[in-house]
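To keep things clear, I will list the structure first and then write my remarks on it.
Sequence lines set the chain letters: A, B, ... in the order given, protein chains first and strands last, and positions in each chain run from 1.
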Protein chains: 2
Amino acid sequence: MKKLPRISESEWLVMRVLWSKGEATANEVVEELAGRTKWNPRTVKTLITRLSGKGAVKYKKEGRMYRYYPAVGQADCVRMERKSFVRRVYGGTTKPMLAAFIEDADLSPQDISELKKILERKGKE
Amino acid sequence: MKKLPRISESEWLVMRVLWSKGEATANEVVEELAGRTKWNPRTVKTLITRLSGKGAVKYKKEGRMYRYYPAVGQADCVRMERKSFVRRVYGGTTKPMLAAFIEDADLSPQDISELKKILERKGKE
DNA sequence: ACTTCGTGATTACAAATGTAATACTTTGTG
DNA sequence: CACAAAGTATTACATTTGTAATCACGAAGT
């Protein structure tokens, strides 16, 4: 498994767009983010370029413009971020962290039963 | 509730020491961290100073030296970090995040049953 | 062919961060 | 009292991040 680049706070927003769309032009990313942020389009371009430099996204030329797509898996990045988070905040001990997380979370009854099911499954075997 | 300063990755290590000890001199922090990091003592001092500047730690003079202690609550900081994490990585939707978290976690049977108990409690009412 | 416009490329620049080194100050000691 | 030791305060400097502006190039219109 290749090693993942470090993705900054702002860059995560861009990556999430690319992961959700599969691929997109710079402008599509800009539009998609327009609702959520007040970034200047230049800023979005910069972030895309940096991500490309880091190897987090790749692109293929399409006429004069590029079509960008993720070069790293979302699940992997999330896992990395999660581990980093637990280490930073809890020094690596996951359970107290999960406990606090659950306590604090706003969960629907369905959510709760699904999570319980997952725990069941982990419990056996 | 006062607003919390932003604590960087490295600074978290220092804060965790202060939270766990209640208070400490700079050198005590250095010693405590000696096992976990290869930081130069100067670096630790710098981090403490910065945290002090941010208002995350306070100190009282004690003879020629300072005794530092946290000025912000650990629970509050953890909650903030947690929210920031969920927002960054999952765009704010907590449940899928928790699910993946649990899937991926290394949990003892006791952990599992405790977590289930927490879920139970959240479920009723 | 020349100008213009949309794209990517290059450059900018301040704040935060990681990681220290150097300077200054207080105090115990010879 | 002068000086060294031990702390704190100030300064340093390369990277990363946030947030853009400017440059350059090729396509498209006139």
* To do: For DNA chain C, find the residues of residues 13-34 of chain A with a heavy-atom distance under 4.0 Å and give them by number; none if there aren't any.
  => A/Ala26, A/Asn27
For residues 95-108 of chain A, dump all side-chain donor-acceptor pairs below 3.5 Å to protein atoms at least two apart in sequence or in another chain.
residue, atom, partner, partner atom, Å
A/Lys95, NZ, B/Glu114, OE1, 2.8
A/Asp104, OD2, B/Arg82, NH1, 3.3
A/Ser108, OG, A/Gln110, N, 3.4
A/Ser108, OG, A/Gln110, OE1, 3.4
A/Ser108, OG, A/Asp111, N, 3.0
A/Ser108, OG, A/Asp111, OD1, 3.4
A/Ser108, OG, A/Asp111, OD2, 3.2

* Out of B/Val17, B/Thr25, B/Leu18, which residue meets the side-chain contact (heavy atoms from CB on, under 4.5 Å) rule with B/Lys21? -> B/Val17
* Quickly work out the A/Met65 CE to C/dC5 P distance and round it to whole Å. => 17 Å
* To do: Of all the heavy-atom pairs spanning A/Pro70 and A/Gly22, show the shortest one and how long it is.
  => CD-O, 3.1 Å
* Can you tell me the distance, in whole Å, between the OH atom of A/Tyr68 and the C1' atom of C/dG8? => 6 Å
* Does a side-chain heavy-atom distance below 4.5 Å link B/Tyr66 with B/Ser52? -> no
* Structure fact -> Note: A/Val89 and B/Arg16 closest approach over all heavy atoms is O-CD, 3.4 Å
* Kindly say if A/Tyr59 contacts the phosphate of C/dG8, meaning a side-chain N or O under 4.0 Å from OP1 or OP2. => no
Report each atom pair, protein N/O against N/O of nucleotides 22-30 of chain C, whose distance is under 3.5 angstrom.
residue, atom, partner, partner atom, Å
C/dT22, O4, B/Arg42, NH1, 2.5

* Closest heavy-atom pair and its distance - A/Lys54, A/Ser8 -> NZ-N, 4.2 Å
* Structure fact -> B/Lys45 NZ to C/dA20 C1', in whole Å, measures 12 Å
* Asked: Would you say the side chain of A/Leu33 lies within less than 4.5 Å of the side chain of A/Trp39, judging by non-hydrogen atoms?
  -> yes
* To do: List the steps and the verdict of salt bridge (Lys or Arg N to Asp or Glu O under 4.0 Å) for A/Glu120 and B/Lys116.
  => CA-CA 8 Å; A/Glu120 300 284 355; B/Lys116 276 202 292 191; 3.3 Å; yes
* Asked: What is the minimum heavy-atom distance between A/Ala71 and A/Gly55, and which atoms define it?
  -> CB-O, 3.5 Å
* Any side-chain heavy-atom pair of B/Trp12 and B/Val78 under 4.5 Å -> yes
Polar atoms only, N or O, under 3.5 Å: list the protein pairs with nucleotides 15-17 of chain C and their distances.
residue, atom, partner, partner atom, Å
C/dT17, OP2, B/Lys54, NZ, 3.1

* Give the rounded distance in Å between these two atoms: CG of B/Leu51 and C1' of C/dG18. => 13 Å
* Does some side-chain heavy atom of B/Met15 sit less than 4.5 Å from a side-chain heavy atom of B/Val72? -> yes
* Partner set under side chain to side chain contact (heavy atoms under 4.5 Å, CB included) for A/Lys60, not counting sequence neighbours -> A/Glu23, A/Arg67, A/Tyr69
* Please lay out, stage by stage, how A/Arg88 and A/Glu81 fare under the test salt bridge (Lys or Arg N to Asp or Glu O under 4.0 Å). => CA-CA 10 Å; A/Arg88 170 175 54 241; A/Glu81 200 71 20; 5.3 Å; no
* **Positional range of nucleotides in DNA chain D within the contact set of chain A, heavy-atom, under 4.0 Å** => D/dT17 to D/dA27
* Can you find a donor-acceptor N/O pair under 3.5 angstrom joining the side chain of B/Thr46 to the base of C/dA20? -> yes
